[in-house]
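Atom set for the values below is all heavy atoms of this structure, side chains included, hydrogens, waters and symmetry mates excluded. In this chain, numbering begins with 1 at the start of the sequence shown.
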Amino acid sequence: MSNFFETKIEFLKGVGPQKAALLQTELKIFTYGDLVQIYPYRYIDRSTFQQISHLSPDDTFIQLKGRVISVGLAGEGRGKRLVAIFSDGTGNIELVWFQGIKFVSATVIKGADLIVFGKLNTYNGKLSIPHPEVEQTAAATVIKGLQPLYSSTEKLRNNYLDSKGIMKLQQRLHEVMAPNINETLPDYLMEKFHLVSKKFAMLNIHFPESQKHLDQARRRLKFEELFYVQLKLLQQRSSRKAEYKGHVLKKTLLLTEFYKNHLPFDLTEAQKKVIKEIYTDIISGKQMNRLLQGDVGSGKTIVAFI
């Protein structure tokens, strides 16, 4: 990653000092690099539209295109809600809002052509969509492929930084970040393991055009994370061996005498081999990092005891 990703988050279009302070407090997002590494927790397909007549209670998130044929208020007090009847030509469905009624009323008016997206709800055998996202058809930008969903908090949601708000920030960052993404793995590793580029992975982990692209991006980022963790462990191990000497045990025939003359049974060749290797380590003066592994009943206990 280049210095571009060290840019403070308040300099991203649409953020500013107030939202930056919230992002820092709630999600620990301080820089462009922090934001781009806030990965979606799930994706939904918004590349297609369903038909109302084909909906079933088993459906979850749905997207419809149609027209508002009526809208009005229902209920009183805490049960007060805005109810719109929405039609796509194949059937009708209720859209319901209990909060933000004044804000929604500016868009959801009789005769408005809208794109509606939300989670399908069933109550008393009747289908509805509570608090759906709505956009005017003429101004809507339908996402191609999979739409990311991001974790948020109550404070962020109250300041228009819900999942959709964070997605918009990611979109703005994606518009300018591509030229600044540098490759972090050598070519031979990418060829050997058939990995996509860092740029491809970072762009498609947020806005994949297909499930295949998402799988490729995930595989690349997982490989890279594990690769550098392993590299760090190897580096630390090498450093320990070079800088810190282990306790040197003097050579002795005690071990050989013990398992030859004092054990009531003979050790297997595998046990003798492991004992020899461990013994070689502990008289070398180097730190030992060894795992003794074997099936149940293979004799690990006697080897560890010796």
Can you give me every donor-acceptor pair (side chain of residues 102-112, partner residue at least two apart or in another chain, under 3.5 Å) with its distance?
from, atom 1, to, atom 2, distance (Å)
Ser105, OG, Ile101, O, 2.7

Practice task
For residues Thr90 and His54, determine if any side-chain heavy atom of one lies less than 4.5 Å from a side-chain heavy atom of the other.
Solution key: no
Problem - Note, Val96 side chain near Leu82 side chain (heavy atom, < 4.5 Å) - result: no
Completion exercise
Residue pairs meeting side-chain hydrogen bond (donor to acceptor under 3.5 Å, both in side chains), one or both in residues 66-84, sequence neighbours left out, come to Arg67-Asp113
Completion exercise
Rounded to the nearest 0.5 Å, the OH atom of Tyr228 sits from the CD atom of Gln235 at a distance of 12.0 Å
Handout entry: Gln171 and His174: CA distance, side-chain angles, deciding distance, side chain to side chain donor-acceptor pair (under 3.5 Å) verdict
Key = CA-CA 5 Å; Gln171 286 175 318; His174 275 56; over 6 Å; no
Problem - Side-chain (Gln50) to main-chain (Leu64) donor-acceptor, under 3.5 angstrom - result: no
Exercise for the section: Heavy atoms only: give me the nearest Glu94-Val83 pair and the separation to one decimal. Expected result: CD-CG1, 3.8 Å
Exercise for the section: Could you tell me whether the side chain of Asn92 reaches within less than 4.5 Å of the side chain of Ser87, counting heavy atoms only? Expected result: yes
Problem - Candidate pair Thr48 and Gln63, rule side-chain contact (heavy atoms from CB on, under 4.5 Å), full reasoning - result: CA-CA 7 Å; Thr48 59; Gln63 183 169 238; 5.8 Å; no
Problem - Steps toward side-chain contact (heavy atoms from CB on, under 4.5 Å) verdict (Thr60, Leu120) - result: CA-CA 5 Å; Thr60 52; Leu120 193 64; over 6 Å; no
Completion exercise
Across all chains, not counting sequence neighbours, the ring-ring contact (aromatic ring centres under 6.0 Å, His included) partners of Tyr160 are none
Completion exercise
Separation between CD1 (Ile38) and CG (Leu173), nearest 0.5 Å, reads 12.0 Å
Practice task
Begin with the C-alpha distance, continue with both residues' side-chain angles, and end with the deciding distance and a verdict on side-chain contact (heavy atoms from CB on, under 4.5 Å) for Gln147 and Phe207.
Solution key: CA-CA 7 Å; Gln147 176 179 318; Phe207 301 103; over 6 Å; no
Problem - Distance in Å, Ser128 OG paired with Lys119 NZ, rounded so as to fall on 0.5 Å steps - result: 12.0 Å
Completion exercise
Closest non-hydrogen contact found for Lys65 with Phe86 is C-CZ, 3.9 Å
Problem - Heavy-atom closest pair, residues Met190 and Ser197 - result: CE-CA, 3.7 Å
Please tabulate, for side-chain N and O atoms in residues 25-36, each donor-acceptor pair with protein atoms closer than 3.5 Å (sequence neighbours left out).
from, atom 1, to, atom 2, distance (Å)
Thr25, OG1, Ala21, O, 2.9
Glu26, OE1, Thr153, OG1, 2.9
Thr31, OG1, Phe5, O, 3.4
Thr31, OG1, Gly33, N, 3.3
Thr31, OG1, Asp34, N, 3.2
Thr31, OG1, Asp34, OD2, 3.3
Tyr32, OH, Phe11, O, 3.3
Tyr32, OH, Leu12, N, 3.4
Asp34, OD2, Phe30, N, 2.9
Asp34, OD2, Thr31, N, 3.1

Practice task
To the nearest 0.5 angstrom, please state how far the OH atom of Tyr39 sits from the NE2 atom of His206.
Solution key: 6.0 Å
Problem - Mutual orientation of the aromatic rings belonging to Phe200 and His213 [parallel < 30°, tilted 30-60°, perpendicular > 60°] - result: perpendicular
Exercise for the section: In sequence, state the C-alpha distance, the side-chain angles, and the governing distance for Ile115 and Val134, and then conclude on side-chain contact (heavy atoms from CB on, under 4.5 Å). Expected result: CA-CA 6 Å; Ile115 288 177; Val134 294; over 6 Å; no
Problem - Under 3.5 Å donor-acceptor, Tyr43 side chain and Ile205 backbone - result: yes
Problem - CG-CG distance between Leu23 and Leu156, expressed to the nearest 0.5 angstrom - result: 6.0 Å
Distance-only check: which donor-acceptor pairs under 3.5 Å involve side-chain atoms of residues 215-224, not counting sequence neighbours?
from, atom 1, to, atom 2, distance (Å)
Asp215, OD1, Gln211, NE2, 3.0
Arg219, NH1, Phe193, O, 2.8
Arg219, NH1, His194, O, 3.2
Arg219, NH2, Phe193, O, 2.9
Arg220, NE, Glu224, OE1, 3.2
Arg220, NH1, Glu183, OE2, 2.9
Arg220, NH1, Val196, O, 3.0
Arg220, NH2, Glu183, OE2, 2.7
Arg220, NH2, Thr184, OG1, 3.1
Arg220, NH2, Glu224, OE1, 2.8
Glu224, OE1, Thr184, OG1, 3.1
Glu224, OE1, Lys198, NZ, 3.4
Glu224, OE2, Thr184, OG1, 3.0
Glu224, OE2, Lys198, NZ, 2.9

Practice task
Answer whether the closest heavy-atom distance between the side chains of Lys273 and Glu277 falls below 4.5 Å.
Solution key: yes
Exercise for the section: Taking Asn124 for its side chain and Lys126 for its backbone only, find out whether a donor-acceptor pair lies under 3.5 Å. Expected result: no
Problem - Validation row: Asp88, Gln51 side chains within 4.5 angstrom (heavy atoms) - result: yes
Handout entry: Distance-minimising heavy-atom pair for Val68 and Ala84
Key = CG1-CB, 4.3 Å
Exercise for the section: Could you pull out the closest heavy-atom pair between Leu214 and Pro208, with the gap in Å? Expected result: CB-CB, 3.8 Å
Handout entry: Nearest-0.5 Å distance, CD of residue Glu175 to CD of residue Gln170
Key = 12.0 Å
Practice task
Quick one: list whatever passes salt bridge (charged side-chain N to carboxylate O under 4.0 Å, His left out) with Lys8, sequence neighbours left out.
Solution key: none
Problem - CD/Gln18: more than 12 non-hydrogen atoms of other groups inside 6.0 Å - result: no
Handout entry: Joint cluster assignment, Leu149 & Leu203, ILVMFWY side-chain distance < 4.5 Å
Key = no
Exercise for the section: Grab the two heavy atoms, one from Gly118 and one from Ile129, that are nearest each other, plus how far apart they are. Expected result: CA-CG2, 3.8 Å
Practice task
Return the orientation label for the His131 and Phe98 ring planes: parallel under 30°, perpendicular over 60°, tilted otherwise.
Solution key: tilted
Exercise for the section: Answer yes or no: is there a side-chain heavy-atom contact under 4.5 Å between Ile44 and Leu146? Expected result: no
Handout entry: Side-chain heavy-atom pair Pro132, Trp97 within 4.5 angstrom cut-off
Key = yes
Problem - Min side-chain heavy-atom separation Ile181-Phe4 under 4.5 Å - result: no
